[in-house]
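Structure, as structure tokens:
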Amino acid sequence: MTVLVTGATGTVGRQVVGELLERGERVRALTREPGSRGAGEPGRSGLPGEVEVVGGDLTEPEGLEGVFDGVSGVHLITFGGELFAPLETGERLVAMAEAAGVRRATVLFGGGETPLQEAVCGSGLEWTVLMPVEFVANALEWAPDIRATSTVSEPFPGRLSAMVHERDIGACAAVALTEEGHAGRTYTLTGPEVLTVYDKAAAIGRARGDGVRVEELTAGEASERWRAAGMAEEVVGFLLEVYGDTPVEGRTVDPAVPRLLGRPALRFEEWAREHADRFASGRP
């Protein structure tokens with residue numbers, strides 16, 4: 001049987017694909033722009049050649065006929081369209097999956113209750129909700145400034161985060177999709193430590209071999225920067241709220257990752273070393 005991964009070219013989706021392949025699973029990847037490629041070659045999607053890449057959009061279920069055929073499990077995202085708007089097609093997607101005989105589903109939590117998550121959790125599928133806190137990969141947003149000025153400019157730099165490595169999210173999804181015992185569970189996924197912006201900047205500095213300074217922005221300065229970047233007002237308000245008063249779940253280490261994977265969760269320091277070239281001075 002085959003495992004279907006939606007959002008397969010995203011930060012987490014790529015990791016789910018890779019972890020499933022490591023387990024010897026056949027993978028079908030759903031993406032809006034599959035591109036073209038020869039046998040065994042990556043296309044524009046950049047996914048491994050052994051992956052069956054299919055085109056489709058979760059916001060348009062009528063174009064997904066046959067996508068669930070022969071699928072034993074599916075990894076689902078809860079958002080689609082512009083600015084990560086929640087998917088409104090959950091009931092139709094779940095009905096298609098059930099009609100095709102899909103058994104298991106993982107849902108990547110999107111920050112709140114969504115129609116798709118509600119549909120999956122109310123279905124006959126063996127569902128698992130994955131609730132990651134802040135992604136370690138979010139630190140890549142600092143790369144241009146660090147390369148140019150060796151500086152991270154952020155509000156509330158003392159805020160705490162138990163941010164999780166995207167590879168651990170993908171690995172947990174692969175476990176839930178291929179092993180018994182995870183049906184009806186919701187897992188909070190965190191890293192193994194609680195870090196401040198200062199801690200993360202220091203780790204990046206060690207990885208790139210050149211220190212990184214932290215410049216504290218006021219809430220007003222941060223808001224102006226985010227608006228200038230095109231963020232909607234509700235997103236600006238959300239960021240100020242969670243950065244200024246991070247929820248307990250976001251700053252508390254949870255044991256779910258090591259329990260699921262049988263190994264410690266990956267540390268930010270490891271991620272920084274893996275991506276040191278992205279922060280290197282002089283890189284365009």
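Computation of the quantities below employed the complete heavy-atom set of this structure, encompassing side-chain atoms and omitting hydrogens, waters and symmetry-equivalent molecules.
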Only counting residues at least two apart or in another chain, list the ones meeting salt bridge (charged side-chain N to carboxylate O under 4.0 Å, His left out) with Asp210.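 With sequence neighbours excluded, Asp210 shows a salt bridge (charged side-chain N to carboxylate O under 4.0 Å, His left out) to Arg208, given in chain and number order.
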With sequence neighbours left out, what residues match Glu269 under salt bridge (charged side-chain N to carboxylate O under 4.0 Å, His left out)?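 Salt bridge (charged side-chain N to carboxylate O under 4.0 Å, His left out) list for Glu269, sorted by chain: Arg206.
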Show which residues join Leu160 in its hydrophobic cluster (side-chain heavy-atom contacts under 4.5 Å, direct or indirect), or state none.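 Val194, Val253, which link up through side-chain heavy atoms under 4.5 Å apart, make up the rest of the cluster.
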Listing request: all ring pair (Phe, Tyr, Trp, His ring centres under 6.0 Å) pairs with a residue in residues 168-187, at least two apart in sequence or in separate chains.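 Those involving residues 168-187 are His182-Tyr187.
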Which salt bridge (Lys or Arg N to Asp or Glu O under 4.0 Å) pairs, counting each pair once, include a residue from [range], with sequence neighbours left out?
| range | value |
| --- | --- |
| residues 171-189 | Arg23-Glu179, Arg103-Glu180, Arg104-Glu180 |
| residues 151-160 | Glu154-Arg159 |
| residues 108-118 | none |

side-chain hydrogen bond (donor to acceptor under 3.5 Å, both in side chains): pairs with one or both residues in [range], sequence neighbours excluded:
| range | result |
| --- | --- |
| residues 160-174 | Glu134-Ser161, His165-Glu274, Glu166-Trp271, Arg167-Glu274, Asp168-Arg263 |
| residues 85-99 | Glu65-Arg92 |
| residues 233-262 | Arg227-Glu233 |

Looking only at atom types and distance, does a side-chain atom of Arg147 sit under 3.5 Å from a main-chain N or O of Ser281, one as donor and one as acceptor?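 Side chain of Arg147 to backbone of Ser281, a donor-acceptor pair under 3.5 Å: no, none is there.
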Sub-3.5 Å donor-acceptor pair from the side chain of Thr6 to the main-chain atoms of Ile77, do we have one?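 Yes, Thr6 side chain to Ile77 backbone: donor-acceptor pair under 3.5 Å.
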Would a 4.5 Å heavy-atom cut-off, applied to side chains only, mark [X] and [Y] as touching?
| X | Y | answer |
| --- | --- | --- |
| Phe156 | Val197 | no |
| Val257 | Cys172 | yes |
| Leu58 | Leu30 | yes |

Go through the structure and list residues passing side chain to side chain donor-acceptor pair (under 3.5 Å) with Glu22, not counting sequence neighbours.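 With neighbours one apart ignored, the set is empty.
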Sequence neighbours excluded, which residues qualify as side chain to side chain donor-acceptor pair (under 3.5 Å) partners of Ser123?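 Partners of Ser123 by the side chain to side chain donor-acceptor pair (under 3.5 Å) criterion come out as none, since no residue qualifies.
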Taking all non-hydrogen atoms of both residues, which atom of [X] and which atom of [Y] are closest, and how far apart?
| X | Y | result |
| --- | --- | --- |
| Val3 | Ser72 | CG2-OG, 4.1 Å |
| Pro258 | Pro264 | CB-CA, 4.4 Å |
| Thr196 | Gly158 | CG2-O, 3.6 Å |
| Arg28 | Gly66 | NH1-O, 3.8 Å |
| Ala29 | Ala8 | CB-CB, 3.5 Å |

Taking everything shown except Glu224 itself, do over 12 heavy atoms lie less than 6.0 Å from its CD?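 No, the 6.0 Å shell around CD holds no more than 12 heavy atoms from other groups.
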From the options Glu221, Glu215, Arg213, select the one residue that forms a side chain to side chain donor-acceptor pair (under 3.5 Å) with Ser153.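 It is Glu215, the one option of Glu221, Glu215, Arg213 that forms the side chain to side chain donor-acceptor pair (under 3.5 Å) with Ser153.
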From Asp199 CG over to Glu193 CD, what is the distance, rounded to the nearest 0.5 angstrom?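 Between atom CG of Asp199 and atom CD of Glu193 there are 8.0 Å.
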